[in-house]
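Small disclaimer: the values here were computed from a predicted structure and weren't measured. In what follows, chains carry the letters A, B, and so on, assigned in the order in which the sequence lines appear, proteins first and then strands, with residues in each chain numbered from 1.
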2 protein chains.
Amino acid sequence: MNVERDGKMCELCTSTGGTALWESPTCRVVRVDDPHYPGFCRVIWTAHVREMTDLDPGERQSMMNLVFAVEKVVRNLFAPDKVNLASLGNMTPHLHWHVIPRWRDDGHFPEPIWGTKQRDGRPRAVVSDDTMRQALRKQLHPEDNQG
Amino acid sequence: MNVERDGKMCELCTSTGGTALWESPTCRVVRVDDPHYPGFCRVIWTAHVREMTDLDPGERQSMMNLVFAVEKVVRNLFAPDKVNLASLGNMTPHLHWHVIPRWRDDGHFPEPIWGTKQRDGRPRAVVSDDTMRQALRKQLHPEDNQG
């Protein structure tokens, strides 16, 4: 599964890519450690696949369901002004989605976080990894919380 | 449907947003006129909705199916090195997806197209709007092309 590119191993094949929040055999959700974008998560396909259309339709749907579950959790816990979703992979062509909460006064708004910095951002309210884990589990398995 | 923001009308409520390639009552696909990224398309939800999780699950799935159909067409017609998918909406918070073909020698690679310019890009092979329209129709309705 560790595929070399330009002489380097794929970093999403060889490392988690962030703090693990949730995992299945096909997919994982990790949190990116950035105090300016505190709910920033990545949804990463386990296998080294390049594009969404390299997955079959059912796999695509299951990955997107996970992306949208993360979006819901991020909206609920962080109340951002906007959510940015992106699957780029130019540097690391191993399928992964960025789920990024954005605020009007964050460091790059209204540019994407990869654009020109607009101002000094400020660190945001702290939400623990465990709180995110629990919220994501509840979002993905609401039946576990009934009765 | 024309919603004001900062005193301005939403541009995706008041204009097509590009050259129309395909349309349904809920969604449209338009082509962005950029010779450096010739297959660059946007998939735009008709109603003024902000986030993917403001749609119901069936609506989300139908929009993503359209995004992935566009990705397939772009891969088939333009053979990019990578496809970038993004739903940002910081400037225009009206749900729309960017489907962007990328090449290793394009103007921004490996940065996102919103990042720092890396080099002069070069205009790419011309594919007509009609060719894209036909390919997208075929992708979305393969049964129309059977005997």
Side-chain angles (χ1 to χ4, degrees), chain A residues 5-6 49-76 79-106 108-118 139, chain B residues 5-6 49-76 79-106 108-118 139:
Chain A
R5 185 179 67 87
D6 301 339
V49 169
R50 195 175 184 82
E51 308 284 6
M52 283 302 288
T53 48
D54 291 330
L55 300 181
D56 70 36
E59 291 172 329
R60 287 202 285 269
Q61 196 181 337
S62 77
M63 189 175 199
M64 294 317 299
N65 286 347
L66 192 49
V67 169
F68 299 136
V70 172
E71 177 178 299
K72 276 205 176 174
V73 165
V74 167
R75 291 181 73 182
N76 290 343
D81 295 316
K82 191 69 193 69
V83 176
N84 291 174
L85 303 177
S87 168
L88 307 175
N90 302 331
M91 298 205 195
T92 307
H94 175 137
L95 201 52
H96 63 283
W97 282 91
H98 304 275
V99 181
I100 314 164
R102 302 297 310 275
W103 290 270
R104 286 191 191 87
D105 61 353
D106 73 34
H108 297 84
F109 202 90
E111 292 295 316
I113 63 163
W114 308 281
T116 307
K117 196 175 167 185
Q118 304 293 309
Q139 185 65 41
Chain B
R5 183 178 68 88
D6 301 339
V49 169
R50 194 174 186 82
E51 308 283 7
M52 283 303 289
T53 49
D54 291 330
L55 300 182
D56 70 38
E59 292 172 328
R60 287 202 284 270
Q61 197 181 337
S62 76
M63 190 176 198
M64 295 316 298
N65 286 348
L66 192 49
V67 169
F68 300 136
V70 173
E71 177 177 299
K72 277 206 175 173
V73 165
V74 166
R75 291 181 74 182
N76 290 343
D81 295 316
K82 189 72 192 68
V83 176
N84 291 175
L85 302 177
S87 168
L88 307 175
N90 303 330
M91 297 204 195
T92 307
H94 175 137
L95 201 51
H96 61 284
W97 282 90
H98 305 273
V99 181
I100 314 165
R102 301 299 309 275
W103 291 270
R104 286 190 192 87
D105 62 351
D106 73 34
H108 297 84
F109 202 91
E111 292 295 316
I113 64 162
W114 308 281
T116 307
K117 196 176 167 184
Q118 304 292 309
Q139 186 63 43

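Looking at B/M64, only its side chain comes within 4.5 Å of chain A, counting heavy atoms on both sides. Interface residue B/E51: backbone and side-chain heavy atoms are both found under 4.5 Å from chain A. Of the two parts of A/F68, the backbone and the side chain both hold a non-hydrogen atom closer than 4.5 Å to a non-hydrogen atom of chain B. At a 4.5 Å heavy-atom cutoff, the contact between B/D54 and chain A is made by backbone and side-chain atoms alike.
Electrostatic pairing of B/E111 and B/K117 does not count as a salt bridge here, judged by no charged N lying under 4.0 Å from a carboxylate O.
Counting all heavy atoms, side chain and backbone alike, A/Q118 lies closest to A/H108 at CG-O, 3.2 Å. Counting all heavy atoms, side chain and backbone alike, B/R50 lies closest to B/L95 at O-CD1, 3.8 Å.
Side-chain contact between B/V83 and B/I100 is absent, with no heavy atoms from C-beta onward closer than 4.5 Å. The shortest distance between side-chain heavy atoms of A/N65 and B/R60 does not fall below 4.5 Å.
Chosen from B/Q61, B/K72, B/R102, the residue pairing most often with chain A at heavy-atom distances under 4.5 Å is B/Q61. Residue with the most contacts toward chain B among A/G115, A/G89, A/S87: A/S87 (heavy-atom pairs, distance under 4.5 Å). Heavy-atom pairs under 4.5 Å with chain A peak, among B/P110, B/A86, B/P57, at B/P110.
Between B/W114 and B/H98, the ring centre distance stays below 6.0 Å.
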